[in-house]
Amino acid sequence: MPNNIRLTRLFPAKPSVAISIAASIVILSLSACGGGSSGGYASTPTPTPVTPPVVVLPAVDVSAIAAADPGSPLAAAWQKGAFMEIYVRGYKDSDGDGKGDLKGVIQSLDYLKDLGIKGIWLMPITRSQDKDHGYAVSDYRNIEADYGSLTDFDELIKQAHARGIGVIIDYVMNHSAAENPLFVNSSASATNTYRSWYVWQAVAPTGWSIYGGNPWKTVASGAYFAPFWDQMPDFNLKNQTVIDYHKDNLRFWLNRGADGFRFDAVGNLVENGANAWEDQPENYPIMGQIHSLVNSYSQRYMVCEAPADPAGFTAPTACGSAFAFNLASNIGKAARNEVAGISAVSDFFKTASSNMATMVSNHDLFAGERLWNQVGGNLAQYKLAAATYLLQPGTPFIYYGEEIGMAAAANLSGDGKIRTPMSWTADNNNAGFTTGTPFRPVAANVSTQNVLAQLADPNSILAFYKAMLKLRNSLPSIAQGSYEAAFVSGSVMGYQRTFGNERTLVLINYGTNTANVSVSSLPASANLNNAFPTDGAATSADSSGTAQIAMAAQSVRVFVIK
Ligand SMILES: [Ca+2]
Ligand SMILES: [Ca+2]
């Protein structure tokens with residue numbers, strides 16, 4: 001994908017004032033400030049003794065953490081239910097400071113449960129330098145101060161589990177914040193104990209360009225590698241000690257009951273040269289080590305961000321699950337009745353692993369605009385897009401606000417416009433997100449697309465999402481089943497799902513005209529019972545296993561076959 005697009009994912013929220021690395025190092029000058037000449041009467045001043053400055057480096061916590069699995073109360077295959085991706089800063093503010101927090105997420109759990117959500121992905125909640133997206137981690141073992149405390153986290157896990165919901169947290173292995181004590185130490189001198197924890201050269205090498213910029217940043221002690229932002233230096237993941245440190249951090253969260261992780265930028269872990277810095281072979285077994293660790297705990301789930309090779313990182317010897325970036329844009333195209341999109345969506349799970357994670361958009365613009373903007377606010381197309389991925393194999397991830405049709409902010413650019421406060425009410429100022437002033441303007445369509453309004457409307461986008469998730473949660477074939485007999489006929493896509501003795505048929509008509517489709521490969525003389533909508537005409541297959549089915553324009557039908 002174009003570098004200038006990928007560039008946007010981590011940059012826009014950086015602080016407006018760059019913090020120099022040198023400034024992060026605490027320097028206490030012990031030079032004498034008294035004595036010496038005073039009053040101007042001494043004809044021969046005594047030279048002031050000069051003591052060299054003493055550099056006091058911050059303490060680092062790299063203590064080992066042993067596994068202590070508290071167990072999991074979640075249902076088997078819970079990770080085949082739908083997840084909600086939540087940007088905590090933008091979700092719900094519990095204390096009126098204008099920033100979302102963990103207590104706000106706890107207050108929203110009943111809403112999420114009622115919607116049918118089985119998992120939550122929290123974007124980074126660890127303490128960060130950026131004070132926005134959270135991907136510049138300054139402390140891997142503590143909660144971002146704006147978001148609350150470890151006690152709040154423990155309560156969130158407890159309350160989510162009580163509602164049958166798992167919680168996975170974002171984890172960033174590739175880089176830390178520059179103000180992370182590890183990097184402050186590493187950058188202090190070429191001989192520092194932690195020098196080998198980051199990627200250093202005495203002099204910046206030439207010939208590198210990543211995402212349109214030079215990834216090497218020069219400071220007093222040398223040049224360090226930081227392709228995403230000069231305040232996010234890359235760890236040296238050729239150093240097993242660093243991988244082991246991350247494993248200790250992961251155990252820290254797993255021991256507290258976290259249900260797993262979403263791993264950031266796993267295609268960027270190891271670099272081998274100016275033209276060999278993405279998806280290097282070392283990255284896969286590194287994630288395989290991590291996968292083994294996560295799997296050693298009960299009922300945990302992990303998923304990776306690897307836009308350049310989602311299928312490769314889905315291998316069990318790597319992450320086991322990765323986001324299907326290569327599917328996302330085709331879902332929107334199918335919803336808009338574009339033939340190429342429909343066939344791409346139909347074909348995808350013929351070969352792709354059912355362990356892949358699916359979505360129509362996320363917090364990064366490079367993955368796509370908010371769905372509302374992708375379909376220009378067309379409600380019928382919106383619902384078709386939702387049905388397309390919520391009824392398919394994989395683990396679907398809904399981006400917060402998608403279930404109510406939240407649009408981007410009107411007057412923002414970059415990733416900020418898709419990371420706005422959640423629209424809970426029609427209030428143009430605060431969206432019901434905070435009693436104070438929100439940290440960022442609200443979505444452009446808050447007056448109509450908000451939770452309060454949609455809960456009262458049986459035809460709302462929210463009601464449709466709830467219906468789709470009810471199918472996924474009540475029919476194991478939809479959540480976990482095979483993907484069979486996929487076909488495209490004109491603008492209609494169909495496929496069957498089986499799990500155990502349960503067989504379902506899913507039909508989606510993306511076209512704006514009624515279509516009569518002939519569906520084959522059904523059991524002979526089978527009855528097709530309406531699961532969605534429930535008031536459709538009764539249908540059955542003939543002795544050759546073929547059924548004639550009428551599909552209204554832009555409609556979804558799901559049948560249980562008996
Ligand atoms: Ca708050
Ligand atoms: Ca790296």
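For the numbers below, each heavy atom of this structure counts, side chains included, while hydrogens, waters and symmetry mates do not. We count ligands from 1, going down the list as the structure has it; atoms in each ligand are counted the same way.
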- So which of the N, O or S atoms of D234 lies nearest the Ca ion (ligand 2)? OD2
- Message: Please name the atom of E271, limited to N, O or S, that comes nearest to the Ca ion (ligand 2).
- Response: OE2
- Query: Would K99 count as a contact for the Ca ion (ligand 1), in the sense that one of its N, O or S atoms lies under 3.0 Å from it?
  - Reply: yes
- Message: If I take every N, O or S atom of D101, is at least one of them less than 3.0 Å from the Ca ion (ligand 1)?
- Response: yes
Atom name in [X], limited to N/O/S, at shortest distance from the Ca ion (ligand 1):
{"X": "D93", "answer": "OD1"}
{"X": "D95", "answer": "OD1"}
{"X": "D97", "answer": "OD1"}

Quick one: sort the [X] and [Y] rings into parallel, tilted or perpendicular, breaks at 30° and 60°.
{"X": "Y198", "Y": "F235", "answer": "parallel"}
{"X": "H133", "Y": "Y135", "answer": "tilted"}
{"X": "F366", "Y": "F325", "answer": "parallel"}
{"X": "Y91", "Y": "W424", "answer": "perpendicular"}

- Task: Report yes or no: is the cationic atom of R370 (NZ for Lys, CZ for Arg) under 6.0 Å from the centre of the six-membered ring of Y400, at an angle within 45° of the ring normal?
- Result: yes
- Item | Identified side chain to side chain contact (heavy atoms under 4.5 Å, CB included) counterpart of V88 within the set L122, I143, D146 | L122
- Query: Is there an N/O/S atom in P227 that lies less than 3.0 Å from the Ca ion (ligand 2)?
  - Reply: no
